[in-house]
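We count residues from 1, following the sequence as given. Order of appearance sets the numbers: ligands from 1, and atoms from 1 within every ligand.
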Amino acid sequence: MLSKKIESALNGQIAIEAMSSQFYLAMASWAETEGLNGTAAFLYRHSDEERMHMLKLIRFVNERGGKAIVPALKQPPRVFKDINHIFNELFKHEAHVTAEINKVVDSCLKEKDYTTHNFMQWYVSEQIEEETLARTLLDKLALIGSDKGGLYLFDRDLENLTASENGR
Ligand code: OFO
């Protein structure tokens with residue numbers, strides 16, 4: 001059975017995952033309208049993954065005797081400056097998510113809720129992967145600078161990466 005404190009921490013995390021999904025969906029849609037099809041495919045997939053993170057939490061809260069709260073959705077930004085802006089925002093957002101996940105993990109230890117602590121480890125490893133990927137993409141973009149050919153290849157690489165992940 002979840003304590004009220006952990007239930008509310010997990011509901012907070014549900015809202016964060018929902019917000020992440022919306023945020024990346026807005027980025028995906030913007031990228032699609034800019035002709036960045038690989039970037040759009042990558043971000044649509046990322047948005048779906050965040051929704052999956054949210055669902056996993058909802059199911060866990062309910063299974064452990066709590067009540068999951070489906071959060072209201074905030075309007076994400078409609079316009080992004082360029083592809084660098086997108087990946088900078090994505091990286092910053094993931095770092096924020098990691099900090100929030102760490103807070104939940106910390107509360108689990110304080111409350112001696114080892115079951116939820118164990119469940120949250122999946123999110124901890126997921127964040128390591130996501131932050132590393134975002135950092136790698138930012139590094140690549142820094143190398144490319146304003147080179148149009150480089151950007152074209154970057155976008156195509158993201159298309160291939162997403163196609164291979166989807167085929168998994
Ligand atoms: Fe990328 O954030 Fe979910 O956990």
Side-chain angles (χ1 to χ4, degrees), residues 2 5-32 36 38-64 66-77 80 83-111 113-141 154 157-159 161-168:
L2 291 175
K5 196 160 174 215
I6 298 298
E7 181 179 354
S8 118
L10 292 176
N11 271 318
Q13 194 57 40
I14 287 172
I16 290 172
E17 302 294 342
M19 192 219 291
S20 306
S21 179
Q22 282 290 99
F23 195 25
Y24 300 152
L25 183 58
M27 290 178 179
S29 176
W30 177 85
E32 191 165 47
L36 296 161
T39 306
F42 172 82
L43 291 164
Y44 278 129
R45 184 185 151 92
H46 203 355
S47 169
D48 282 349
E49 281 177 4
E50 298 299 351
R51 182 178 152 76
M52 192 269 282
H53 297 172
M54 174 192 71
L55 284 176
K56 205 172 154 79
L57 278 156
I58 290 180
R59 304 296 306 272
F60 180 81
V61 169
N62 293 338
E63 276 162 18
R64 300 285 304 150
K67 284 208 183 318
I69 300 169
V70 176
L73 297 177
K74 243 177 69 194
Q75 165 91 63
F80 298 89
I83 194 165
N84 280 289
H85 182 205
I86 291 252
F87 284 101
N88 260 310
E89 287 295 302
L90 189 142
F91 180 67
K92 268 190 351 211
H93 188 73
E94 287 301 332
H96 164 69
V97 173
T98 302
E100 293 301 314
I101 286 174
N102 288 342
K103 283 189 206 160
V104 178
V105 171
D106 194 47
S107 304
C108 291
L109 288 177
K110 286 194 178 117
E111 291 280 298
D113 181 343
Y114 301 115
T115 309
T116 307
H117 182 269
N118 185 45
F119 169 78
M120 288 305 295
Q121 294 313 303
W122 184 85
Y123 288 83
V124 171
S125 354
E126 185 72 13
Q127 283 312 113
I128 298 173
E129 269 181 39
E130 291 191 358
E131 275 193 45
T132 308
L133 179 59
R135 199 176 286 119
T136 309
L137 295 175
L138 271 181
D139 287 347
K140 277 195 188 172
L141 282 172
F154 176 87
D157 279 358
L158 278 185
E159 189 139 43
L161 175 75
T162 310
S164 74
E165 297 267 310
N166 284 340
R168 259 199 215 167

Query raised in the report: Would you say the side-chain atoms of Asn11 pair up with the backbone N or O of Lys67, donor to acceptor, closer than 3.5 Å?
Result: yes

Report task. Tell me which N, O or S atom of His53 sits nearest to atom 3 (Fe) of ligand 1. Result -> ND1

**Report entry** Per-atom contacts, ligand 1 versus Tyr123 - under 4.0 Å to a heavy atom
**Finding:** 4 (O)

Query raised in the report: With distance as the sole criterion, is a donor-acceptor pair present between the side chains of Gln13 and Tyr123 under 3.5 Å?
Result: no

Query raised in the report: Between Ala18 and Pro71, which heavy-atom pair has the shortest distance, and what is it?
Result: CB-CG, 3.7 Å

Query - Part of Gln127 within contact of ligand 1 (heavy atoms, under 4.0 Å) - result: side chain

Query - OE1 (Glu50) to atom 3 (Fe) of ligand 1 to OE1 (Glu17) angle, given to the nearest 10 degrees - result: 80°

Report summary line: For Val97, the ligand 1 atoms with a heavy-atom partner under 4.0 Å come out as 2 (O)

Query - Thr132 (side chain) donor-acceptor with Ile128 (main chain) under 3.5 angstrom - result: yes

Query raised in the report: Are Asp106 and Lys110 ion-paired here, with the side-chain N under 4.0 Å from a carboxylate O?
Result: yes

Report summary line: ang(OE1 Glu130, atom 1 (Fe) of ligand 1, OE2 Glu94) rounded to 10° is 80°

